[in-house]
Structure formats: structure tokens, C-alpha cells
Number of protein chains: 2
Amino acid sequence: MSLPRIAIDAMGGDEGVRVMVSGAALARRRHEQFKFLLVGDEARIKAALDNHPNMRGASEILHCDDVVAGDEKPTAALRRAKTTSMGLAIAAVKSGDCGAAVSGGNTGALMAMSKLALRTMPGIDRPALAGLMPTLGDDDVVMLDLGANTECDARNLVQFAVMGAAYSRIVTGKSAPSVRLLNIGTEEIKGTDRLQEAAAMLRAASGLSLDFQGFIEADKINRGLVDVVVTDGFSGNIALKAIEGSARFVTDLLKTAFRSSIRSKFGFLVSRPATELLRHHLDPNNHNGGVFLGLNGVVVKSHGSANVNGVANAVNVTARLLEESLTERILADLAELGEARLRDNGSTAK
Amino acid sequence: MSLPRIAIDAMGGDEGVRVMVSGAALARRRHEQFKFLLVGDEARIKAALDNHPNMRGASEILHCDDVVAGDEKPTAALRRAKTTSMGLAIAAVKSGDCGAAVSGGNTGALMAMSKLALRTMPGIDRPALAGLMPTLGDDDVVMLDLGANTECDARNLVQFAVMGAAYSRIVTGKSAPSVRLLNIGTEEIKGTDRLQEAAAMLRAASGLSLDFQGFIEADKINRGLVDVVVTDGFSGNIALKAIEGSARFVTDLLKTAFRSSIRSKFGFLVSRPATELLRHHLDPNNHNGGVFLGLNGVVVKSHGSANVNGVANAVNVTARLLEESLTERILADLAELGEARLRDNGSTAK
């Protein structure tokens with residue numbers, strides 16, 4: 001079976017065409033069998049391809065003039081779904097021409113367009129945005145929702161758990177990734193009613209390919225103790241940004257400290273490999289690629305400020321999700337969840 | 001006018017009497033005019049005072065045998081308000097015998113007991129837990145609520161803004177500290193209805209001793225751009241713990257990196273003063289002392305794992321709040337808020 005193509009919104013992201021095309025070309029070195037549909041300004045895409053002869057033969061260009069602006073309201077962008085590079089990349093997934101779309105553009109517009117064109121899977125009420133974060137352990141942790149749904153009910157959270165676990169299985173290779181709900185304490189009585197309800201539903205469900213372990217507090221997200229952290233989009237966005245901001249705060253303090261004396265400047269130079277390792281580990285480009293889960297098709301959001309390496313990571317994630325049939329895996333798990341509910345109802349009725 | 005005494009729950013905190021008494025003694029070096037009521041096991045308090053003769057003359061001991069356990073449910077602790085060291089320290093504030101209480105014990109129990117004994121101020125629906133966090137700027141940032149109220153409405157958030165600003169005026173010396181609401185974006189349309197409503201109320205209010213500047217995202221909390229960050233207890237707790245956990249994550253990575261080669265070990269030794277500066281800046285003991293705002297009396301929560309320096313910081317915060325009449329300041333601001341509302345209603349009715 002040949003692998004589906006990947007549609008690249010070549011106009012998205014702060015730097016646009018050059019970074020998107022070079023990033024995809026870099027990713028293709030690891031995933032040589034993939035082909036691409038590059039959507040955007042033909043002349044600029046052709047110019048960018050001149051530097052990547054290996055990519056040229058594997059790419060088709062779909063020209064368009066229109067681009068979704070970074071600060072555009074999703075409702076405004078929706079009206080130009082048929083003319084913009086973002087809209088056309090998603091449309092290529094809808095038509096089956098491509099298996100996935102990658103964009104570095106406006107997140108809200110990407111979500112709105114993807115939802116409208118691809119629709120949510122049967123059994124999913126709302127799609128979620130999932131991201132990978134570094135940990136002290138061997139594997140990245142999957143966290144969702146990162147901001148697609150400001151408010152969520154218990155049912156949404158349970159569906160996020162199933163989708164996040166499917167994503168984590170591909171990332172970690174584990175057959176039943178551990179899942180926890182983000183909360184302000186680990187005791188069963190902590191948090192909102194909807195969190196307690198979601199926990200009860202996940203505890204009761206059996207046959208799912210995940211290991212539900214209760215609640216986790218935000219200071220433990222990066223410890224490598226858990227594979228998937230599930231939360232609503234408001235808290236998830238707060239946690240994600242607090243973690244990013246705090247990491248930047250510490251490294252900024254460190255820079256100031258290292259500049260504070262001749263002695264520490266010298267120490268910094270000597271220990272440069274160590275601090276480079278830290279920089280590498282914390283570089284958001286190495287964890288780039290937020291995935292919209294729960295749609296009939298794969299859509300990956302690359303960070304607007306991602307560099308070539310960052311875009312390559314997002315495209316690598318996309319290729320892995322297609323190779324490992326993410327969508328089919330989630331559908332199979334949702335069927336399991338449905339059956340577990342039926343069994344559960346059956347036993348209650350006895 | 002003589003300053004009111006400070007009641008110390010000598011049994012609270014992971015290490016109990018020794019740390020609480022030594023911490024108070026250390027704080028008293030900066031605040032020599034303060035006197036203390038030390039509540040707990042008399043024999044152990046006396047033994048601890050033997051190391052602090054300067055403190056002995058300034059302290060009265062109130063003996064009791066009973067202690068609130070760290071994992072005890074607030075409702076269970078409430079029943080022993082008259083026998084536990086925590087309950088008796090708060091009762092001393094209620095009776096007017098002391099101006100403030102400091103405890104390192106169970107946060108939920110401390111909140112429940114304080115609320116029941118001291119009641120909320122007129123004009124305040126719910127008290128909030130406020131904390132100080134380090135920034136890249138000159139002053140710490142005040143953040144509230146940190147977990148006392150899992151869910152809040154717009155009115156609660158507005159009251160938190162007023163109380164947080166009063167606290168920040170004492171911390172920073174500014175006459176109108178800048179205040180922002182924590183949100184998942186800075187555009188006016190972002191976030192929940194209650195956040196938008198709170199923002200509208202704060203924008204409309206005039207005459208308050210604060211400068212409302214709209215929304216802030218969680219990655220900006222520590223940048224030193226704002227004096228007060230206002231949020232509900234769920235998001236506040238998530239943000240606080242995510243920041244703490246991320247800072248620990250980065251410093252743990254740094255340790256691993258420094259241990260990774262002989263060269264970086266040498267570099268670490270040379271740059272030790274720089275990394276010590278970092279450690280000092282991030283040490284939670286240097287920012288210890290969460291304040292329950294909105295009660296008829298000052299109650300300060302010291303972190304359970306605080307060391308002597310940490311407890312000293314919490315007692316220093318308490319002394320400053322008493323010297324600067326925090327409670328009276330908040331009452332004056334609330335009166336202003338009430339008048340602003342009356343003026344507002346008046347103009348609408350025209």
C-alpha cells in the first residue's frame with residue numbers, strides 16, 4: 001500500500017515559504033517514501049525548491065494567492081477556505097488527495113477550517129489540540145487539550161484521554177500508555193465536578209488501550225511519570241504556557257548569572273557543552289507539531305515561529321501518524337469505549 | 001500605637017516546633033518591636049526557645065496537645081478548632097489578642113478555620129490565597145487565587161483584583177500597582193464569559209488604587225511586566241505548580257548536563273557563584289508566605305516544607321502586613337469600589 005501524500009500550507013508561519021519547504025525537505029530525508037502537495041505562491045515555492053532537488057521530484061505545487069493572516073478571526077478566515085493556502089491544504093485532505101495537512105498559520109483559523117471541512121469522527125464531540133513536551137524520562141509526554149476548547153465536560157475529557165493515548169502509543173511504542181487528568185490535588189475529592197465525573201468514567205471503563213492512573217498536579221507534568229496528561233483547553237493552555245515561560249525565566253536568569261563575573265563567564269565557556277545540551281532539550285523546535293485529534297483526517301499545527309528544524313519535526317510527526325494510522329487507531333478505541341459502556345450498562349441492569 | 005502580636009502555630013509544617021520558632025526568631029531580628037504568641041507543646045517550645053534568648057522575652061506560650069494532621073479533611077479539623085494549635089492561633093486573632101496568625105499546617109484546614117472564625121470582610125464574598133513569585137524585574141509579582149476557590153465568578157475576580165493590589169502596594173511601594181487577569185490570550189474576545197465580564201467591570205471601575213491592564217498569558221507571569229495576576233483558584237494553582245515544576249525541571253536538567261563530562265564538572269565548579277545565585281533566586285523559601293486575603297484579620301500560610309529562612313520570610317511578610325495595615329487598606333478600597341458602582345449606576349440611570 002502506498003502512503004498518502006502530505007499537504008503543506010507553504011504560506012503559514014512567520015517566515016513562510018522558505019522555512020516550510022526546507023523543513024519538509026529535511027523531514028523527507030527520514031521519510032523518503034512520502035510525497036508532498038505544496039500549497040501557496042508557485043513562484044516562491046519553485047524558488048525554495050531550487051535548493052532541495054530531492055524534494056522537487058516528490059512534490060506537486062498547488063498555486064494560490066490568498067493567505068490567512070496571523071491575527072485574522074477564524075470566522076473571517078472560514079469565508080476564504082476555498083482560496084487560501086490553509087483552506088486548500090485542508091481541502092486536499094478532505095478530498096482524499098492527501099492524508100494529512102501541516103500548517104504554521106493562525107491556530108484558531110486552522111482549527112475552525114479543519115473542523116468544518118473534515119468533521120469530527122463518529123463518537124467524538126469535539127476535536128482537541130495535543131502537543132508533546134519534554135520530560136526527565138525517556139519519552140515526551142502528550143498533553144491535550146492545549147486550547148481548542150475553552151470549556152469541556154466529563155465526556156469530552158474521556159474522549160481526549162482515548163485520543164491522547166492513541167497518539168502516545170505511536171510516540172512511545174507502549175501498548176497501554178498511562179493517562180492522568182490534570183487537577184489541583186491527587187485525592188479523589190479534589191477539583192471540579194466534571195473532573196471527578198471524568199475520573200469515575202475512566203476508572204469504570206475496561207478494554208481501553210490505556211492505563212488510567214487518576215489525577216496529576218501541574219508540577220509533575222515534566223517528571224516523566226505519565227505518558228498522557230488530559231485537561232480542558234483553558235487549563236491546558238495555562239499549564240503549557242506557564243511551563244514554557246518558567247523554563248525561559250530560568251534560562252534567562254542563568255544567562256544573567258553567567259554574565260555576572262569574569263569567573264562565571266569563564267565557567268560558562270568551559271561548561272558550554274552542558275548548557276548547549278540544556279538548550280537543545282528545551283528548544284521548542286525539538287518538540288514542534290501540535291496535532292488536532294478527533295477529526296476525519298490528520299492536521300498538524302507547526303509553531304508560527306518554528307525554524308527549519310522545527311518544521312521538519314512537525315512533518316516527521318505527521319509522517320509517523322500516517323505510517324501508524326492514527327485515525328484508524330482512535331476509531332478502534334472509540335468502538336471499544338462504546339462496547340465497554342454497553343457491557344457496563346448490561347451488568348448494571350442484571 | 002503599639003503593634004499587635006503575631007500568633008505562631010508552632011506545630012504546623014513538616015518539621016514543626018524547631019523550624020517555626022527559629023524562623024520567627026530570625027524574622028524578629030528585622031522586626032524587633034513585634035511580640036509573639038507561640039501555640040503548641042509547651043515543653044518543646046521552651047526547648048526551642050533555649051536557642052533564641054532574644055525571642056524568649058518577646059514570647060508567650062499557649063500550651064495545647066492537639067495538632068491538625070497534614071492529610072486531615074478540613075471538615076474534620078474544623079471540629080477541633082478549640083483544641084488544636086492551628087485553631088487556637090486563629091482564635092487569638094479573632095479575640096483581638098493577636099493581629100495575625102502564621103501556620104505551616106494543612107492549607108485546606110487553615111482556610112476553613114480562618115473563614116469560620118474570622119469571617120469575610122464586608123464587601124468580600126470569598127477570601128483568596130495570594131502568593132509572591134520571583135520575576136525578571138525588581139519586584140515579586142502577587143498572584144491570586146492560588147487554590148482557595150476552585151471556581152469563581154466575575155465579582156469574585158474583581159474583589160481579588162482589589163485585594164491583590166492592596167497587597168502589592170505593600171510589597172512594591174507603588175501607589176497603583178498594575179493588575180491583569182490570567183487568560184489564554186490577550187485579545188478582548190479570549191477566554192470564558194466570566195473573565196470577559198470581570199475585565200469589563202475592572203475597565204469601568206474608577207477611583208481604585210490599581211491600574212487594570214487587561215489580560216496576561218501564563219508565559220508572561222514571571223517577566224516582571226505586571227504587579228498583580230488575578231485568576232480563579234483552579235487556574236492559579238495550575239499556573240503556580242506548572243511554574244514551580246518547570247523551574248525544577250530545568251535546574252534538574254542543568255545538574256544532569258553539568259555531570260555529563262569532566263569538562264562540564266570543572267565548568268560547574270568555576271561558575272558555582274553564578275549557579276548559586278540562580279538557586280537563591282528560585283528557592284521557594286525566599287518567596288514563602290501565602291496570604292489569605294479578605295478576612296477580618298491576617299492569616300499567613302507558610303509552606304509545609306519551608307526551612308528556617310522560609311518561615312522567617314513568612315513571618316516578615318506578616319509583620320509588614322500588620323505595619324502597613326493591610327486589612328484597613330482593603331476595606332478602604334472596597335468602599336471606593338462600592339462608590340464607583342454607585343456612580344456608575346447613577347450615570348446609567350440618567
Side-chain angles (χ1 to χ4, degrees), chain A residues 71 73 134-136 147 150-151 182-185 187 189-192 217-223 231 233-235 237-254 256-261 263-278 281-282, chain B residues 71 73 134-136 147 150-151 182-185 187 189-192 217-223 231 233-235 237-254 256-261 263-278 281-282:
Chain A
D71 56 356
K73 289 204 177 153
T135 71
L136 289 179
T150 306
E151 289 174 286
L182 187 65
N183 200 346
I184 59 172
E187 304 89 345
I189 56 148
K190 286 278 182 178
T192 57
E217 293 184 79
D219 57 343
K220 303 290 192 305
I221 295 171
N222 298 101
R223 304 309 289 179
T231 179
F234 192 88
S235 304
N237 192 280
I238 296 279
L240 173 72
K241 285 185 180 153
I243 287 170
E244 287 176 353
S246 179
R248 202 175 324 124
F249 172 64
V250 176
T251 50
D252 285 355
L253 280 183
L254 196 66
T256 313
F258 273 130
R259 276 195 217 104
S260 63
S261 74
R263 175 176 157 169
S264 57
K265 265 183 212 158
F266 175 65
F268 174 71
L269 288 176
V270 174
S271 52
R272 188 133 209 180
T275 50
E276 280 299 303
L277 200 71
L278 178 73
H281 206 88
L282 292 178
Chain B
D71 57 356
K73 288 203 179 156
T135 71
L136 289 179
T150 306
E151 290 175 284
L182 186 64
N183 200 346
I184 60 172
E187 304 88 346
I189 56 147
K190 286 277 181 179
T192 58
E217 293 185 80
D219 57 341
K220 303 290 191 305
I221 295 171
N222 298 101
R223 305 310 289 181
T231 178
F234 192 88
S235 304
N237 193 280
I238 297 280
L240 173 71
K241 286 187 179 153
I243 287 170
E244 287 175 354
S246 177
R248 202 174 324 123
F249 172 63
V250 176
T251 49
D252 285 354
L253 279 184
L254 196 66
T256 313
F258 272 132
R259 276 195 219 104
S260 63
S261 73
R263 175 176 158 170
S264 55
K265 266 181 210 157
F266 175 68
F268 174 71
L269 288 176
V270 174
S271 52
R272 188 132 209 179
T275 50
E276 280 299 302
L277 199 71
L278 178 73
H281 205 90
L282 291 178

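Lettering of chains follows the sequences in order, A, B, ..., and the numbering in each one begins at 1. Since the structure is predicted, the reported quantities are computational estimates derived from the model, not experimental observations.
When the candidates P134(B), G147(B), G185(B) are compared by the number of heavy-atom contacts under 4.5 Å with chain A, P134(B) comes out ahead. If you tally non-hydrogen atom pairs under 4.5 Å between each of K220(B), K190(B), R223(B) and chain A, the highest count goes to R223(B). With chain B as the partner, the residue from A247(A), G245(A), S246(A) showing the most heavy-atom pairs under 4.5 Å is S246(A).
Within the 4.5 angstrom heavy-atom criterion, no atom of L240(B) approaches chain A. Residue contact with chain A, scored on non-hydrogen atoms closer than 4.5 Å, involves the backbone and the side chain of N183(B) alike. T135(B) touches chain A through its backbone: at least one of N, CA, C or O sits under 4.5 Å from a heavy atom, while the side chain does not. Contact annotation for K73(B): only side-chain heavy atoms (C-beta onward) come within less than 4.5 Å of a heavy atom of chain A. Both the backbone and the side chain of L136(B) come within contact range of chain A, judged by heavy atoms closer than 4.5 Å. Residue R248(B) touches chain A through both its backbone and its side chain, counting heavy-atom pairs closer than 4.5 Å.
A distance of 11.0 Å separates CZ in F234(B) from CD1 in I238(A), rounded to the nearest 0.5 Å.
Smallest separation of non-hydrogen atoms from A239(A) and A242(B): O-CB, 3.9 Å. Here the closest non-hydrogen pair linking K241(A) and I184(B) is NZ-O, 3.6 Å.
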